[in-house]
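So that we are looking at the same thing, I have put the structure below in structure tokens.
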Amino acid sequence: MTDKIRVRFAPSPTGYLHIGGARTALFNLLYARHNNGTFILRIEDTDTTRSTDEYIEAIIEGMKWLGLDWDEGPFRQTDRFDIYRSYSDKLVKEGRAYYCYCSPEELEARRKEAMAQGRPLKYNGKCRDLKEPVAGVNPVVRFRMPVEGQTMVDDLIKGTVSFDNEQLDDLIILRSDGTPTYNLTVVVDDVDMKITHIIRGDDHLNNTPKQIQLYNAFGYPVPKFAHLPMILGSDKARLSKRHGATSVMAYYDMGYLPEALVNYLVRLGWSYGDQEIFSRDELVKYFSFDNVGKAAAVFNPEKLLWLNSQYIINSTPERLADLVIPFLVKEGTISEGQMMDKQWLAKAVATQRERSKTLIELAQSLRYYISEDIEYDEKAKSKFLNKDSRDLLVELKQGLEALPEFTESGIEELFKSIVDRHGIKLGKLAQPVRVALTGGTQSPGIFEVLDVIGKEKALRRLEKAIKAIV
RNA sequence: GGUCCCAUCGUCUAGUGGCCUAGGACGCUGGCCUCUCACGCCGGAAACACGGGUUCGAGUCCCGUUGGGAUCACCA
């Protein structure tokens, strides 16, 4: 048996957990679970000007909602500055890194010049072989990159990718204020945390040869890499705010189930034959980089919506009842903290779940069950609540009042007898009743609706409808 | 601009040289079911970017073109 697999998700807390980050975390998790490995959460907050505790909390909230449970961490890089500095010092001592006194302005000017001349935007090595410190300047520490040869990246998804060392820059590993930069901290942490597989977005592929050189300089074995293709918006540009919701928690707000989002995300770039819907156990069992695609994928909200509807249909009414309550509050259908008969609510939910694509839609569809009063849709009212239906409604109301047991089957029998007596189709009676009870022309089966609404409320609504006709 | 990555229906994808007159899913669409809506079921339109090779045979391998994306900070 080889060493235990250890992977990590390493977001920087400069924003909320977004769709792309969530998928990266998910693939890390699945790979870890599939191989019985360890999944680590590490917060890359070395950019102290942009990182906030609020975002750390938001990322954790998003991961918890999606069930992306980590085994170790969260570690924070700001707690580990001493470690990075000691690694940097070691490099300087060994001549693998050097102090650079060039000012940001100087660097910027050279970059502009290089850009204008069409040359690679690369540090010119001015301070590479400097013998004496420059007085009065706080230097940065630069890593001495090899100037010839190639660096090979062996990637589980992209295959072998080679880079000419010539185009690798002498990157800054310690800023002039002594704080470490990304390329140093990732490598040090991945070494220190014994990460075996680095699974991240392929926007990092170009960083990888530099990091490999760092591993070499430290004398540590290079981990395996898996660079995931990007997620794009409908215009094929990288997914961003202007494509709509990118924050994971926005999908909570829109009434999505976490397992639906997970299922959608995993199928963006990964597949298992023709299967579309996967349980968490199946995901863990089937996951492999062999069937992760190389091409970027366009985020498609319609398919996510469909998946959500499937997950709603297949959730138990009891669970859905619990989940929908916050949305009923938000809709104003019930008040915060209001006591609900959970069993009754589950029964109501059971009649609506196959016509609700989100928890918001579910909450809205529950309104005429819960609220005391309803409003008529004008078109529905004029079409079905009229002289033709009045007598039928009266007859039904009397029948319901006299019904010994107010059950779905009892109600159905009553409907049948009225319809038979008049020699009309069921719809002739059902539609006016539907409008009387729900205000509109679309609803679950009319017997179920009556059953859920209950005798008292149903009679009140029929009475109201009959009066509205006169 | 340099470097790197990528390319099958509108979208997500199956396809690892013959099983492909290219399969599935979302969306779109015709029908069935039916008290309405939805679910469900049956059917339809819809793709191998282009050009060269290699091979008896290419969506599948190679090269080029085109197109898209990423990256080149004292950000991560």
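Predicted, not measured: the structure shown is a model, and the values here were computed from it. Throughout, a chain's letter reflects where its sequence line sits, starting with A, and its residues are numbered from 1.
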Interatomic distance, A/Glu354 CD vs B/C33 C1' [rounded to whole Å]: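 My rounded result for the distance is 14 Å.
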
Taking donor-acceptor contacts at under 3.5 Å, does the side chain of A/Arg355 reach the base of B/C39?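 Counting by modelled atom types and ignoring angles, no donor-acceptor contact under 3.5 Å is found here.
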
Where is the tightest heavy-atom contact between A/Asp451 and A/Ile411, given as atom of each residue plus distance?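 So the minimum-distance heavy-atom pair works out to N-CD1, 4.0 Å.
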
Could you check whether A/Gly201 gets within reach of a base, just the sugar-phosphate, or nothing at all, counting any heavy atom under 4.0 Å?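 Contact class for A/Gly201: none.
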
Measure up the A/His227 and A/Phe225 rings against each other and bin them: parallel (under 30°), tilted (30 to 60°), perpendicular (over 60°).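 If you compare the ring of A/His227 with that of A/Phe225, the planes turn out parallel.
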
For atom CZ of A/Arg8 and atom P of B/A76, their distance in whole Å: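 After rounding, the gap between these two atoms is 14 Å.
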
Just grab all the ring pair (Phe, Tyr, Trp, His ring centres under 6.0 Å) pairs involving residues 134-191 of chain A, residues at least two apart or on different chains.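 Matches after skipping sequence neighbours: A/Tyr182-A/His204.
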
If pairing requires Watson-Crick or G-U wobble contacts with both distances under 3.5 Å, which nucleotide is the partner of B/C32?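 Its partner is B/G40 (Watson-Crick or G-U wobble, both distances under 3.5 Å).
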
If you measure from the P atom in B/G1 to the same atom in B/U65, how many Å do you get, rounded?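 About 14 Å, rounded to a whole number of Å.
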
Counting only Watson-Crick or G-U wobble pairs whose two distances fall under 3.5 Å, which nucleotide matches B/G17?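 Looking at the geometry, B/G17 pairs with no nucleotide.
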
Watson-Crick or G-U wobble mate for B/A25, both contacts under 3.5 Å: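 Per the H-bond distance test, B/U11.
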
Just how far, in rounded Å, is C1' of B/C37 from CZ of A/Phe384?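 Nearest whole value for this atom pair: 12 Å.
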
Residue pairs fulfilling side chain to side chain donor-acceptor pair (under 3.5 Å) with at least one residue in residues 257-267 of chain A, sequence neighbours excluded: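 Sorted pair list: A/Glu259-A/Arg319, A/Asn263-A/Tyr311, A/Arg267-A/Glu276.
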
Evaluate the side chain to side chain contact (heavy atoms under 4.5 Å, CB included) criterion for residues A/Phe415 and A/Ile446: first the C-alpha distance (whole Å), next the side-chain angles of each, then the deciding distance (0.1 Å), finally the verdict. CA-CA 10 Å; A/Phe415 268 73; A/Ile446 198 65; 4.0 Å; yes

So does A/Gln310 get a backbone contact from the side chain of A/Asn314, meaning a donor-acceptor N/O pair under 3.5 Å?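 Confirmed, A/Asn314 side chain pairs with A/Gln310 backbone.
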
Expressed in whole Å, how much space separates the P atoms belonging to B/G44 and B/A7?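 30 Å, rounded to whole Å.
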
Quantified in whole Å, what is the P atom distance between nucleotide B/C33 and nucleotide B/G68?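 Pairwise P distance, B/C33 against B/G68, rounds to 50 Å.
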
Taking atom P in both B/G10 and B/A46, compute the distance separating them and give it to the nearest angstrom.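 After rounding to an integer number of Å, I get 11 Å for this pair.
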
N/O-N/O pairs, protein side and nucleotides 60-64 of chain B side, under 3.5 Å:
none

Could you check A/Ile157 against A/Ala297 and say which one's nearest nucleotide on RNA chain B is further toward the 5' end?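 With A/Ile157 and A/Ala297 compared, the 5'-side residue is A/Ile157.
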
When the P atoms of B/G31 and B/G69 are compared, how many Å lie between them, rounded to an integer?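 Their P atoms lie roughly 41 Å apart.
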
If each of A/Ala295 and A/Val298 is mapped to the nucleotide of RNA chain B with the nearest heavy atom, which maps nearer the 5' terminus, i.e. the 5' end?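 So the residue in question is A/Ala295.
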
A/Glu108: side chain to side chain contact (heavy atoms under 4.5 Å, CB included) partners, not counting sequence neighbours: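 Once residues adjacent in sequence are excluded, the partners of A/Glu108 under the side chain to side chain contact (heavy atoms under 4.5 Å, CB included) criterion are A/Arg111, A/Lys112.
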
Round to a whole Å and report the spacing from NZ of A/Lys379 to P of B/U36.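 Nearest whole value for this atom pair: 18 Å.
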
Heavy atoms within less than 4.0 Å of RNA chain B: which residues of residues 158-165 of chain A have one? Give them sorted by number.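 Correct list: A/Lys158, A/Val161, A/Ser162, A/Phe163.
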
For RNA chain B, find the residues of residues 437-450 of chain A with a heavy-atom distance under 4.0 Å and give them by number; none if there aren't any.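 Contacts with RNA chain B under 4.0 Å: A/Thr441, A/Gln442, A/Ser443, A/Pro444, A/Gly445, A/Ile446, A/Phe447.
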
Looking at every strand, decide which applies to A/Gln310 at a 4.0 Å heavy-atom threshold: base, sugar-phosphate, or nothing.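 The answer is sugar-phosphate, as A/Gln310 gets under 4.0 Å only of primed atoms, P, OP1 or OP2.
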
Please answer whether the main-chain N or O of A/Met145 pairs with a side-chain N or O of A/Asp170 as donor and acceptor at a distance below 3.5 Å.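 Such a contact is found between A/Asp170 side chain and A/Met145 backbone.
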
Separation of the P atoms in B/G67 and B/C50, to the nearest angstrom: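 Going atom to atom, P in each nucleotide, I get 15 Å.
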
Whether the side chain of A/Arg353 and the base of B/C39 hold a donor-acceptor pair under 3.5 Å is what I'd like checked.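 No, the side chain and the base share no sub-3.5 Å donor-acceptor pair.
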
Might you work through the side-chain hydrogen bond (donor to acceptor under 3.5 Å, both in side chains) test for A/Ser271 and A/Asn291, ending with a clear yes or no? CA-CA 6 Å; A/Ser271 63; A/Asn291 31 35; 5.9 Å; no

Inter-nucleotide C1' distance (B/G52, B/U11), Å rounded: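 Roughly 31 Å separates the two C1' atoms.
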
Please say whether more than 12 non-hydrogen atoms of neighbouring residues, nucleotides or ligands are located less than 6.0 Å from NZ in A/Lys122.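 Above 12, so yes.
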
Using side chain to side chain contact (heavy atoms under 4.5 Å, CB included) as the criterion, list what pairs up with A/Asn138, not counting sequence neighbours.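 A/Asn138 satisfies side chain to side chain contact (heavy atoms under 4.5 Å, CB included) with A/Ser176 once adjacent residues are dropped.
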
Which whole-number value in Å describes the distance from A/Ile312 CD1 to B/G40 P?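 Rounded to whole Å, this separation is 13 Å.
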
What is the base-pairing partner of B/G57, counting Watson-Crick and G-U wobble geometry with both distances under 3.5 Å?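 With both distances under 3.5 Å required, B/G57 matches none.
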
Assess whether atom NZ of A/Lys455 is packed by more than 12 heavy atoms of other residues, nucleotides or ligands within 6.0 Å.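 Atom NZ in A/Lys455 is crowded, with more than 12 foreign heavy atoms closer than 6.0 Å.
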
Give me the distances for all protein-to-nucleotides 67-74 of chain B N/O pairs that come in under 3.5 Å?
unit_1 : atom_1 : unit_2   : atom_2 : d
B/A70  : O3'    : A/Arg238 : NH1    : 3.3
B/A70  : N3     : A/Asn206 : ND2    : 3.4
B/U71  : OP1    : A/Arg238 : NH1    : 2.9
B/U71  : O4'    : A/Asn206 : ND2    : 3.3
B/C72  : O2'    : A/Leu121 : O      : 3.1
B/C74  : O2     : A/Ser176 : N      : 3.0
B/C74  : O2     : A/Ser176 : OG     : 3.0
B/C74  : N3     : A/Ser176 : OG     : 3.0

Quick one: list whatever passes salt bridge (charged side-chain N to carboxylate O under 4.0 Å, His left out) with A/Arg8, sequence neighbours left out.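 Scan of A/Arg8 (salt bridge (charged side-chain N to carboxylate O under 4.0 Å, His left out), adjacent residues dropped) gives A/Asp190.
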
Is it true that the side chains of A/Glu44 and A/Thr185 contain a donor and an acceptor less than 3.5 Å apart?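 No, no side-chain donor-acceptor contact under 3.5 Å.
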
Determine the interatomic distance between C1' on B/U8 and the same-named atom on B/A58; round to the nearest Å.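 That atom pair is separated by 14 Å.
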
Considering every strand and a 4.0 Å limit on heavy-atom distances, what is the contact class for A/Thr46: base, sugar-phosphate, or nothing?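 If one applies the 4.0 Å heavy-atom cut-off, A/Thr46 turns out to touch the sugar-phosphate alone, with no base involved.
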
With A/Val419, which residues qualify under side chain to side chain contact (heavy atoms under 4.5 Å, CB included), at least two apart?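 Once residues adjacent in sequence are excluded, the partners of A/Val419 under the side chain to side chain contact (heavy atoms under 4.5 Å, CB included) criterion are A/Ile424, A/Leu426, A/Leu429.
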
So do A/Trp270 and A/Leu30 actually touch side chain to side chain, heavy atoms under 4.5 Å?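 Not touching, per the 4.5 Å side-chain cut-off.
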
When you check the side-chain N and O atoms of A/Tyr369 and A/Thr351, is any donor under 3.5 Å from an acceptor?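 Looking only at side-chain atoms, A/Thr351 and A/Tyr369 do form a donor-acceptor pair, the distance falling under 3.5 Å.
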
Distance check needed: B/C12 P versus A/Tyr264 OH, whole Å only.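 Computing the A/Tyr264:OH to B/C12:P distance gives 8 Å.
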
Interatomic distance where CD1 belongs to A/Ile173 and P belongs to B/A76 [whole Å]: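 After rounding, the reported distance stands at 13 Å.
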
Under 3.5 Å side-chain donor-acceptor pair for A/Gln364 and A/Arg367: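 Not at all, the side chains of A/Gln364 and A/Arg367 share no donor-acceptor pair under 3.5 Å.
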
Using a 4.0 Å heavy-atom cut-off, write out nucleotides 21-28 of chain B from 5' to 3' as B (base contacted by protein), S (sugar-phosphate only) or - (no contact). --BBBS--

Watson-Crick or G-U wobble mate for B/G67, both contacts under 3.5 Å: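 Pair assignment: B/G67 / B/C6.
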
Could you list the residues that satisfy side chain to side chain contact (heavy atoms under 4.5 Å, CB included) with A/Asp235, not counting sequence neighbours?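 So A/Asp235 forms a side chain to side chain contact (heavy atoms under 4.5 Å, CB included) with A/Ala237, A/Arg242, A/His243.
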
